[in-house]
Student: 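I have a structure here, written as structure tokens, and I will follow up with some questions on it.
Chain identifiers are assigned alphabetically (A, B, ...) following the order of the sequence lines, protein sequences preceding nucleic acid strands; residue numbering begins at 1 within each chain.
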Number of protein chains: 2
Amino acid sequence: MTPDPLNAVFAALADPTRRAILARLTEGDANVVELTTPFRVSQPAISRHLRVLERAGLISRNRRATARFSHLEAKPLGEATAYLARYREYWDESYERLDALLSALKEERPADPKATDPEATDASATDHHAPDRKGAHDGDDQRHG
Amino acid sequence: MTPDPLNAVFAALADPTRRAILARLTEGDANVVELTTPFRVSQPAISRHLRVLERAGLISRNRRATARFSHLEAKPLGEATAYLARYREYWDESYERLDALLSALKEERPADPKATDPEATDASATDHHAPDRKGAHDGDDQRHG
DNA sequence: TCGGTCCATAACGTAGAGGTTATGAATGAC
DNA sequence: GTCATTCATAACCTCTACGTTATGGACCGA
């Protein structure tokens with residue numbers, strides 16, 4: 001039933017107006033009029049953006065008189081960040097490769113002990129653009145369907 | 001002219017098939033056939049997913065004989081993470097507030113040590129609808145759906 | 001040269017996103 | 001009670017996303 005919360009969170013974040021709304025909400029809760037004013041789109045459009053954000057769990061809302069205030073709920077952002085953190089080693093990879101390269105160069109010259117860390121030379125680095133792994137892994141691919 | 005790279009990156013991440021493709025690519029580069037097999041969608045569908053990922057800068061591709069291998073380019077993921085990091089204080093906030101609340105309770109009745117585990121009592125529960133950042137409003141009237 | 005494999009693209013359908021204007025319900029102020 | 005404000009919703013349009021099947025180009029092996 002729940003297809004995957006990340007779908008809704010990332011989709012919500014894909015729209016610049018919604019990101020701007022979230023940024024605005026870091027300065028404090030705001031009602032629809034306050035959120036509509038700076039964005040030169042119509043009020044119903046903002047209302048729909050808010051509904052998208054609410055369904056993604058990124059905001060909560062409560063009444064106050066005739067107004068309805070939106071409040072930033074950042075936990076899904078934390079979950080999205082946690083998801084992305086899985087890839088950190090891959091965008092650090094270039095630095096690691098630079099490290100490996102420098103280490104290799106240093107090996108030709110004498111010494112430097114810290115260059116011998118086996119974890120530093122990640123497999124993915126050598127693997128770069130040299131696939132040749134034809135069906136090596138078992139069918140562990142995740143389908144979120 | 002470039003509307004904002006985050007648009008494309010988050011939009012690309014919003015699709016579970018594309019996220020699965022990225023996950024697969026952490027195990028090594030793959031051609032279209034290898035990427036199509038596990039996902040029970042047609043090959044043209046995968047080709048389009050790959051184009052979306054490529055436009056978002058999340059993969060690069062190179063030929064190898066008749067095949068075309070995709071390679072994970074994680075830097076945009078790092079940029080997306082950097083963007084989300086701006087909100088870290090807001091999802092940490094709940095823990096901070098929970099801490100503050102528990103501290104306050106402890107001062108009243110010095111006892112009950114097991115209540116201090118932040119993992120045990122879900123933080124979002126306390127955080128929910130307790131704005132007080134600026135708008136200083138209360139009243140819990142929320143609607144979902 | 002010929003057949004097979006890999007892949008992109010075209011053509012098409014459906015569904016949803018994002019925008020608009022018009023309108024009405026809910027609530028506070030007078 | 002009456003009016004003004006706030007907001008959601010309906011009705012509508014356009015554009016894009018995502019999927020399909022059909023097809024053809026590019027390239028390798030024999």
Student: Figure out the CG/C1' separation between B/L50 and C/dA8, and round it to whole Å.
Tutor: 11 Å
Student: Counting C-beta onward and ignoring hydrogens, is there a side-chain heavy-atom pair between B/L53 and B/L22 closer than 4.5 Å?
Tutor: yes
Student: Atom CZ of A/R19 to atom C1' of C/dG18: distance rounded to whole Å?
Tutor: 15 Å
Student: Quick check: closest heavy atoms across A/A30 and A/R24, and the distance to 0.1 Å?
Tutor: CB-NH2, 3.6 Å
Student: Name the residue closer to the 5' end of DNA chain C, choosing between A/I46 and B/R68 according to the nucleotide with the nearest heavy atom.
Tutor: B/R68
Student: Classify the ring geometry of A/F10 against B/F10: parallel below 30°, tilted from 30° to 60°, perpendicular beyond 60°.
Tutor: parallel
Student: In whole angstroms, how far is the P atom of C/dT27 from the CG atom of A/N62?
Tutor: 14 Å
Student: Looking at B/P76 and B/A56, what are the two nearest heavy atoms and their distance?
Tutor: CG-O, 3.7 Å
Student: Using atom CD of A/E54 as one end and atom P of D/dC7 as the other, report the distance to the nearest whole Å.
Tutor: 14 Å
Student: Side-chain N or O of A/S47 less than 4.0 angstrom from OP1 or OP2 on D/dA8?
Tutor: yes
Student: In whole Å, I'd like the distance from the CD1 atom of A/I21 to the P atom of D/dC7.
Tutor: 13 Å
Student: Identify the two heavy atoms, one from B/F69 and one from B/D29, that lie closest to each other, and give their separation to 0.1 Å.
Tutor: CD2-C, 4.1 Å
Student: Which whole-number value in Å describes the distance from A/R61 CZ to D/dA8 C1'?
Tutor: 9 Å
Student: Between A/R19 and B/D4, is the closest basic N to carboxylate O distance under 4.0 Å?
Tutor: yes
Student: For A/V9 versus A/A80, what's the shortest heavy-atom pair and its separation?
Tutor: CG1-CB, 4.1 Å
Student: At under 4.0 Å between heavy atoms, which parts of nucleotides 25-30 of chain D does protein reach? Answer with one letter per nucleotide, 5' to 3': B base, S sugar-phosphate only, - none.
Tutor: --BS--
Student: Measure CG/A/L53 against C1'/C/dG18 and give the value in whole Å, please.
Tutor: 14 Å
Student: Which whole-number value in Å describes the distance from A/F69 CZ to D/dA8 P?
Tutor: 12 Å
Student: For nucleotides 10-22 of chain D, read 5' to 3', which letter fits each nucleotide if B means a protein heavy atom sits under 4.0 Å from the base, S means only the sugar-phosphate is that close, and - means neither?
Tutor: --------BBBBB
Student: Mind checking what makes side chain to side chain donor-acceptor pair (under 3.5 Å) contact with B/Q43, not counting sequence neighbours?
Tutor: B/S47
Student: To the nearest 0.5 Å, what is the distance between CZ (B/R51) and CD1 (B/I46)?
Tutor: 13.5 Å
